[in-house]
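What you see is a predicted model, and the numbers here were worked out from it, not measured in a lab. For the numbers below, each heavy atom of this structure counts, side chains included, while hydrogens, waters and symmetry mates do not.
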Amino acid sequence: MSTVLANPAEMIAHGAPRVIHNDAELEAYTDALFQLTAIDNPSSSEAEAIELLTLLVERYERERYPIPVADPTEVVRFLIEQQHLTQRDLIPQIGSESAVSMFLAGQRKLTLAQVRKLSTRFKLPADVFIGK
């Protein structure tokens with residue numbers, strides 16, 4: 001075993017970062033992460049601490065507060081509303097006004113080509129438009 005990890009239990013006992021178990025620990029780790037990321041030129045050990053804390057925070061949040069997969073129709077409706085678009089504005093991505101209407105009414109799914117075009121237009125990952 002590496003001398004760096006000769007006694008991991010002792011490292012943790014002395015305050016080394018450990019797995020987050022509750023929201024109080026999440027808050028403490030998030031505060032520490034914000035302080036570290038505010039440093040202009042972090043040292044290599046500070047950069048490693050940022051990476052480690054980020055992994056621990058992301059793991060806890062993913063398990064404790066999972067983000068549900070959004071329905072592609074709802075995503076497109078949201079984007080239309082937020083960007084003050086009309087259904088006609090999506091004709092280049094979806095194909096025709098009736099195709100846009102059918103999709104928004106839940107009567108039609110998007111094709112792979114339409115997903116790609118929407119992904120490009122809105123600069124979002126394609127899986128946002130695929131759903132479950």
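Pairing each heavy atom of I91 with each of S96, the nearest pair is CG1-C, 3.9 Å. Nearest heavy-atom pair, L56 versus V19, reported as atom, atom and distance to 0.1 Å: CD2-CA, 4.1 Å. Taking each heavy atom of A99 and R108 in turn, the nearest pair found is CB-NH1, 3.2 Å. In terms of heavy-atom proximity, Q87 sits nearest to S101 at OE1-OG, 2.8 Å. Between P42 and E46, the shortest heavy-atom contact is CA-OE1, 3.2 Å. The two residues Y29 and R18 have their closest heavy-atom pair at OH-N, 2.9 Å.
Taking 4.5 Å as the limit, some side-chain heavy atom of D23 sits within range of a side-chain heavy atom of R64.
Of the listed residues (V100, I94, L90), just one forms a side chain to side chain contact (heavy atoms under 4.5 Å, CB included) with Q114, and that residue is I94.
Other residues, nucleotides and ligands place no more than 12 heavy atoms under 6.0 Å from the CD atom of E51. More than 12 heavy atoms of other residues, nucleotides or ligands sit less than 6.0 Å from atom OH of Y65. Around the CD atom of E48, the shell of radius 6.0 Å holds no more than 12 heavy atoms that belong to other residues, nucleotides or ligands.
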Start with the C-alpha distance between Q83 and F122, add both sets of side-chain angles, then the distance that settles side-chain contact (heavy atoms from CB on, under 4.5 Å), and finish with yes or no.
-> CA-CA 10 Å; Q83 296 187 17; F122 293 110; 3.5 Å; yes

Quick one: do L79 and L118 satisfy side-chain contact (heavy atoms from CB on, under 4.5 Å)? Show the steps, please.
-> CA-CA 10 Å; L79 291 167; L118 287 168; over 6 Å; no

Salt bridge (Lys or Arg N to Asp or Glu O under 4.0 Å) between E63 and R59, worked out | CA-CA 6 Å; E63 290 175 2; R59 177 182 180 262; 3.6 Å; yes

Residues Q93, V76; criterion side-chain contact (heavy atoms from CB on, under 4.5 Å); working and verdict = CA-CA 12 Å; Q93 289 75 43; V76 172; over 6 Å; no

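Between the CD atom in E27 and the CG atom in D31 there is a gap of 5.5 Å [rounded to 0.5 Å]. In this structure, the separation between NE2 on H21 and OH on Y60 is 10.0 Å, given to the nearest 0.5 Å. Interatomic distance, CZ of F103 versus CZ of R77, reported as 8.0 Å (0.5 Å rounding).
Residues L55 and L36 are members of separate hydrophobic clusters, defined by side-chain heavy-atom contacts under 4.5 angstrom among Ile, Leu, Val, Met, Phe, Trp and Tyr. Hydrophobic clustering keeps L112 apart from V75 (ILVMFWY residues linked when any side-chain heavy atoms are closer than 4.5 Å, directly or through intermediates). Grouping the Ile, Leu, Val, Met, Phe, Trp and Tyr side chains by contacts below 4.5 angstrom, directly or via other members, places L85 apart from M102.
The main-chain N or O of L104 is never found under 3.5 Å from a side-chain atom of T73 such that the two would form a donor-acceptor pair. A side-chain donor-acceptor contact under 3.5 Å links D89 to the backbone of T86. Using modelled atom types, no side-chain atom of S119 and backbone atom of V115 make a donor-acceptor pair closer than 3.5 Å.
Here S44 pairs with nothing under the side-chain contact (heavy atoms from CB on, under 4.5 Å) rule; sequence neighbours left out.
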